[in-house]
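Counting starts at 1 for both ligands and their atoms, following the listed order.
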Amino acid sequence: MLLYNSATRRKDELVTREAGKVAMYTCGPTVYHFAHIGNLRTYAMEDVLEKYLRYLGYEVRRVMNITDVGHLTSDGDTGEDKMLKGAKREHKTVLEIAKFYTDAFFEDCKALNISVPDVVEPATNCIDDFIDMVSTLLDKGYAYIAGGNVYFDTSRLEKYYIFNDFSEEDLAVGVRESVEEDGNKRNKADFVLWFTKSKFDDQELKWDSPWGIGYPGWHIECSCIAKRHLGEYLDIHCGGIDNAFPHHTNEIAQSEAAFGHEWCRHWFHVHHLNTGSGKMSKSKGEFLTVSLLKERGYDPLVYRFFCMQSHYRKNLVFTWENLDNAKTAYNKLVAKIASLKADPADEIDSNAFEEGRARFTAALDNDLNTSVAVTALYDALKLKTNDATKLALIADFERVLDLGLIEAAKRLNEQTNDETPAVDGELVRYIEAKIKERADAKAAKNYALADAVRAELAERGITLIDTKDGTKYTVN
Ligand code: AMP
Ligand code: ZN
């Protein structure tokens, strides 16, 4: 399989350290708020990568951290701890919001058929590991203490900027959100491994350490959690593209300095989900969640399908119209699959099966091209073969794409067989009045009202479907 590697900046043949096995690490969520669907794009694409590797026969061990301490409001070393900010917002403790948003994250993953990794490790479980690695870095001369904090000394490395040719001058010290000089740093790019002094001394969670009471930096947690569960070598490290710098760059610096050898071969970065106004981000406060999709009557798997229709190395623009298009395509696909009639006596046509499968694997072998893989799925439905073979192909592809197509087709067949649920006259009049209200709102460009009407109906189990012949609806 060819997979783009951000470290070599080309598509590399995936060669794992141990034949047939993949050690895979994923940066997990910072659990101070709900995940937005941009975050979930990254996790959905990583999920497809994992499922495809398993499909190819690899034994995958996948580890994910949960960031419940140390991630500051800038990705560098300035700003308040995001967890503390979340706790203050909700008048709860840091651990309470960590638990709440971790559970919410996995609920969202479940709705999107994103599997839970083999190991999920909260950072606050691993304080001793962080202290060990920071001590090693100090012993080896890669770290120094200044103003009460422990810093990584990037000048000790031959090459620090792995993913991009940043120049020191171009680098904003505070990275992204605020630019603030930290006078303790010997070099601009140095970063904190352990804080005992920060502007925000009301940090709720603190631990004793050889350098005083404090808390770990964000980057050290991933190096240590990966080591704890996968040892000193990784095959694939994943994350969103914004993690490449400074987070992953710093992870590499620490891990390779501590271990004394190359750490990870392949760096897999998923590009962003953008809205019209730029990158969707939790810190901006306005973002789309899986719950909102559900409220508006979308099956979350339609969003997964929307993600699969584009390549992970391209930015993806989210609009409701784009999602509606994905919904229409998804529903048509489900209807097509529902219309296949497999007779148990039908034999699978092995030539057609292999032909369909070859297209699918060729797409994914070429840098996980899921949009071509989706086309291969449409092609499978057009093959000149029996329905049993087509169904077998869909089931095979679904081991990777996991779009819930077969279950949805089954539900559709069951629904069609059932009597249509009785909708009484009063309800029909109510729905029709609401459809009119929404159409009038749209005509007056009052989209907020139009959305509110749709949401009100969705709450009552009524889904609106805009078709070229007007707005139709279903009642659950
Ligand atoms: P966070 O919870 O902020 O630590 O982010 C979780 C994951 O989502 C990381 O891998 C980020 O790189 C990724 N991410 C953040 N924003 C976006 C976005 N708009 N589109 C895709 N991935 C994102
Ligand atoms: Zn990480």
**OP:** Decide yes or no on ring pair (Phe, Tyr, Trp, His ring centres under 6.0 Å) for Tyr233 and Phe259, but give the supporting numbers first.
**Re:** CA-CA 9 Å; Tyr233 295 91; Phe259 304 150; 7.8 Å; no

Original post:
Within the stated cut-off of 2.8 Å, is an N/O/S atom of His247 closer than that to the Zn ion (ligand 2)?
Top reply: yes

Original post:
Taking the minimum heavy-atom distance to atom 8 (O) of ligand 1, which of Val31, Asn315, Asn39, Asn65 ranks first?
Top reply: Asn39

Original post:
Heavy atom of Asp242 under 4.0 Å from ligand 1?
Top reply: yes

Original post:
Going by heavy atoms, is Lys82 under 4.0 Å from ligand 1?
Top reply: no

Subject >> Thr16 backbone acceptor or donor facing Lys21 side chain under 3.5 Å >> reply: no

Subject >> Side chains of Leu401 and Phe360 in contact at under 4.5 Å (non-hydrogen atoms) >> reply: yes

Original post:
Is His271 in polar range of ligand 1, meaning some N or O pair under 3.5 Å apart?
Top reply: no

**OP:** Considering the heavy atoms of Asn243, write down every atom of ligand 1 situated less than 4.0 Å from one of them.
**Re:** 9 (C), 10 (O), 11 (C), 12 (O)

Original post:
Can you find a side-chain donor-acceptor pair between Asp242 and His272 that sits under 3.5 Å?
Top reply: yes

Subject >> Any Leu14 side-chain heavy atom under 4.5 Å of Phe268 side chain >> reply: no

Subject >> Polar atom proximity, Ile241 to ligand 1 (N or O, under 3.5 Å) >> reply: no

**OP:** Run through Tyr25, Phe245, Phe163 and flag the one making a ring-ring contact (aromatic ring centres under 6.0 Å, His included) with Trp267.
**Re:** Phe163

**OP:** Kindly confirm whether the Zn ion (ligand 2) is within less than 2.8 Å of some N/O/S atom in Cys27?
**Re:** yes

Original post:
With under 30° as parallel and over 60° as perpendicular, where do the rings of Tyr160 and Phe191 fit, or are they tilted in between?
Top reply: parallel

Subject >> Heteroatom distance test (Pro29, ligand 1): nitrogen or oxygen, under 3.5 angstrom >> reply: no

Original post:
Which is closest to atom 20 (N) of ligand 1 in terms of heavy atoms, Leu40, Thr26, Leu273?
Top reply: Leu273

Subject >> Any side-chain heavy-atom pair of Phe318 and Asn322 under 4.5 Å >> reply: no

Subject >> Cationic N near anionic O, under 4.0 Å, Asp451 to Arg296 >> reply: yes

Original post:
Nearest to the Zn ion (ligand 2), which N, O or S atom of Glu251 do we find?
Top reply: OE2

Subject >> Close N or O approach (Thr30, ligand 1; < 3.5 Å) >> reply: yes

Subject >> Heteroatom proximity flag, Tyr43 to ligand 1, N/O under 3.5 Å >> reply: no

Original post:
Considering distance alone, does some N or O of Arg41 sit under 3.5 Å from an N or O of ligand 1?
Top reply: no

Original post:
Does an N or O anywhere in Trp218 fall below 3.5 Å from an N or O of ligand 1?
Top reply: no

**OP:** State which residue, out of Tyr298, Tyr447, Phe306, Tyr303, fulfils the ring-ring contact (aromatic ring centres under 6.0 Å, His included) condition with Trp320.
**Re:** Tyr298

Original post:
Which ligand 1 atoms does Thr42 reach within 4.0 Å, using its non-hydrogen atoms?
Top reply: 10 (O), 13 (C), 21 (C), 22 (N), 23 (C)

